[in-house]
Amino acid sequence: MAGRYWLLKSDPQTFGLEHLRRSSRRTTMWDGVRNYQARNSLRDEMRVGDGVLFYHSQSAPPAVVATARVVRAGYPDPTQFDPRSPGYDPKAERATPRWYVVDIRLEEELAHPVTLPEIRRRPELAQMALIRRGRLSVQPVTPAEWKAVVKLGRG
DNA sequence: GCCAACGTTGGC
DNA sequence: GCCAACGTTGGC
């Protein structure tokens with residue numbers, strides 16, 4: 001089956017492209033997601049090899065800045081069990097983890113970040129979950145949307 | 001910093 | 001199960 005595509009949002013002040021670039025093997029554990037719909041995607045749907053659009057939220061302007069690859073499929077988010085972590089969830093049990101992560105590896109930094117205003121403006125992108133669904137930090141992307149965003153980003 | 005949209009919590 | 005109160009996300 002063909003790989004699927006996703007968009008992952010991140011506030012660059014917390015973890016942005018620069019952090020990902022500097023990470024060992026340019027790979028990071030995508031932790032801290034605390035929304036059930038996003039959790040379900042991480043746990044049940046994302047597969048090794050899936051494409052990821054890396055999106056900077058809370059920036060001016062918000063934009064897709066890079067592509068990445070899923071290199072490890074869903075596994076329990078260790079931060080939910082760590083009382084010292086901001087991701088700590090006292091209701092999470094090890095036998096029945098509540099929150100999940102995947103690992104992603106940076107693939108291509110886009111020469112021309114694809115901004116939110118541009119995505120809104122393009123008819124072929126205006127139906128993206130990013131526009132329609134508002135806040136959701138892990139969301140599906142169609143193959144056509146992926147292709148169009150990457151093409152714009154390469155300039 | 002403001003605030004709209006949305007998700008979660010908890011009283012009933 | 002409903003829904004008001006509350007907290008968070010995220011664009012501007």
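By convention in this document, chain letters (A, B, ...) are assigned in the order of the sequence lines, proteins followed by strands, and residues within each chain are numbered from 1.
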Inset, instruction - Applying salt bridge (Lys or Arg N to Asp or Glu O under 4.0 Å), name anything that partners E118(A), two or more places apart in sequence or on another chain. - result: R122(A)
Legend entry - Non-neighbouring partners of R105(A) that pass salt bridge (Lys or Arg N to Asp or Glu O under 4.0 Å), sequence neighbours left out: none
Inset, instruction - For the pair T28(A) (side chain) and L20(A) (backbone), establish whether a donor and an acceptor sit closer than 3.5 Å, ignoring hydrogens and angles. - result: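 Absent.
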Legend entry - With P78(A) via side-chain contact (heavy atoms from CB on, under 4.5 Å) - residues at least two apart: M29(A)
Legend entry - For P140(A), all residues meeting side-chain contact (heavy atoms from CB on, under 4.5 Å), sequence neighbours excluded: W6(A)
Legend entry - Ion pair D89(A)/R98(A), N-O distance below 4.0 Å: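 Result for this pair is yes, salt bridge flagged.
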Legend entry - Letter per nucleotide, 5' to 3', of nucleotides 4-12 of chain C [B base touched, S only sugar-phosphate touched, - untouched; heavy atoms, 4.0 Å]: ---BBBBBS
Inset, instruction - Look at the rings of F54(A) and F15(A) and say which category their plane angle falls in: under 30° parallel, 30 to 60° tilted, over 60° perpendicular. - result: perpendicular
Legend entry - Inter-end axis angle, the helix from dG1(B)-dC12(C) to dC12(B)-dG1(C), with every axis fitted to five base pairs (rounded, 10 degrees):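 The end axes of the helix from dG1(B)-dC12(C) to dC12(B)-dG1(C) are about 10° apart, to the nearest 10°.
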